[in-house]
There are 2 protein chains.
Amino acid sequence: MDIQEGKQKFIESWGKMASDWGINRTMAQVHALLLLAHEPLTADEVMEGLSISRGNTNMNLRALIDWGLVHKQLKSGERKEYFYAEKDMWTVVRQIIIHRKKKELEPMLKVLDDVAGVEAKCPESESFCNVVKDLRMLSQKANQTLDTLIRADSTWFSNIFFRMVR
Amino acid sequence: MDIQEGKQKFIESWGKMASDWGINRTMAQVHALLLLAHEPLTADEVMEGLSISRGNTNMNLRALIDWGLVHKQLKSGERKEYFYAEKDMWTVVRQIIIHRKKKELEPMLKVLDDVAGVEAKCPESESFCNVVKDLRMLSQKANQTLDTLIRADSTWFSNIFFRMVR
DNA sequence: TTTTGTTTTCAAAAAAAAATGAAAATTGCG
DNA sequence: CGCAATTTTCATTTTTTTTTGAAAACAAAA
């Protein structure tokens, strides 16, 4: 396998994994393309590199910027915008955690809190109570853990992993 | 809000969250319905309860059994099959981790290992090398951590969380 | 201001994913 | 076996998501 082939495989695989995770496949491929690039790319180069339309390119670049995974660069004397990926993988992971926590875990917690009022009135026999109680506890733990992770630096992150698997 | 309303909200929310996570919304709703049920339900009751077709019900029940989140129960003297959800939330979480790790993390690791051969030949300047190296390390750490989690019991799980957030 | 290169928008088209429902297969029973 | 209850399959339809591309908006330079 040569470098070109390896890159291709990486881009495909990153896109595949992303779509398993509920993230647009193309968005992940744009991200992968930029991750592998030596220098910032223009929208045209991304378009060309992945054979996708201008509109699609623009939408996904904007989404990546929104997620904090890609940054814009303006070169003086040029009108074109250049894009480059955040290459510190720990930062990438942190940004993804932040974004998904907000979009997914927090609304779930909100619902669990809302139904907790009902739970209080439950007879002990109701499975509803137990499910909500357990899930609420798990979600809150997960929430706290993620908050801690988000605040942590990469060293701390490695340490945690080390402690967990030792 | 009464119990009925609470249940409804929970089912919707569980389905919504699942679809953010790349899991079929209906599958999660069937799971939620069974989680909240006092006793095992028949396929007909699930069908009725969520207003979905027989085929859809069957497919999603099978998928849930495959994920280890739902079990079949046969009542003696009856031909109908009954279904009930795994209600130990820690087991639920563990099963989900097992399933998704196999389907998502492991193929990614495989690709990263494959391209590692290319990486070896890289000049230091190639961003490809660094990205692959970092990501490979992160994925391996994640993989180890998940293996440990899978092997852990729920007490141990709580302890880990506690250690992480203390 | 007009021109020109560039980005953004968004209605429409295409593709992908999920759901339906009727037919086929399976199962237990007399 | 033959029947009836139940489950499974899968071609078709429906819904949802993604992509396209041309038009509009924008922004710097002439």
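Remember, predicted model here, so these are calculated numbers, not experimental data. By convention in this document, chain letters (A, B, ...) are assigned in the order of the sequence lines, proteins followed by strands, and residues within each chain are numbered from 1.
- Mapping Arg25(A) and Met59(A) onto DNA chain C by nearest heavy atom places Met59(A) at the nucleotide closer to the 5' end.
- Separating the CD1 atom of Ile52(B) from the C1' atom of dT15(D) is a distance of 15 Å, rounded to the nearest angstrom.
- To the nearest angstrom, C1' of dA27(D) lies 12 Å from NZ of Lys72(A).
- Residue Thr26(B) places at least one side-chain N or O under 4.0 Å from the OP1 or OP2 atom of dA19(C).
- Close to dA19(C), at under 4.0 Å from its OP1 or OP2, lies a side-chain N or O of Asn24(B).
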Please write out each protein N/O paired with an N/O of nucleotides 22-30 of chain C under 3.5 Å, distance rounded to 0.1 Å.
residue	atom	partner	partner atom	Å
dT27(C)	O2	Arg79(B)	NH2	2.5

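- Closest approach of Arg94(B) to Ile150(B), counting heavy atoms only: NE-O, 2.9 Å.
- Qualifying salt bridge (charged side-chain N to carboxylate O under 4.0 Å, His left out) partners for Asp20(A), counting only residues two or more places apart in sequence or in other chains: Lys16(A), Lys103(B).
- The overall bend of the helix from dT1(C)-dA30(D) to dG30(C)-dC1(D), read as the angle between its terminal helix axes built from five base pairs each, is 10° when rounded to 10 degrees.
- When the side-chain nitrogen and oxygen atoms of Asn56(A) are compared with OP1 and OP2 of dT20(D), one or more of them lie within a distance under 4.0 Å.
- Atom pair Phe83(B):CZ and dT7(D):P shows a separation of 6 Å (rounding to whole Å applied).
- At whole-Å resolution of the value, CZ in Arg62(B) and C1' in dT9(D) are 8 Å apart.
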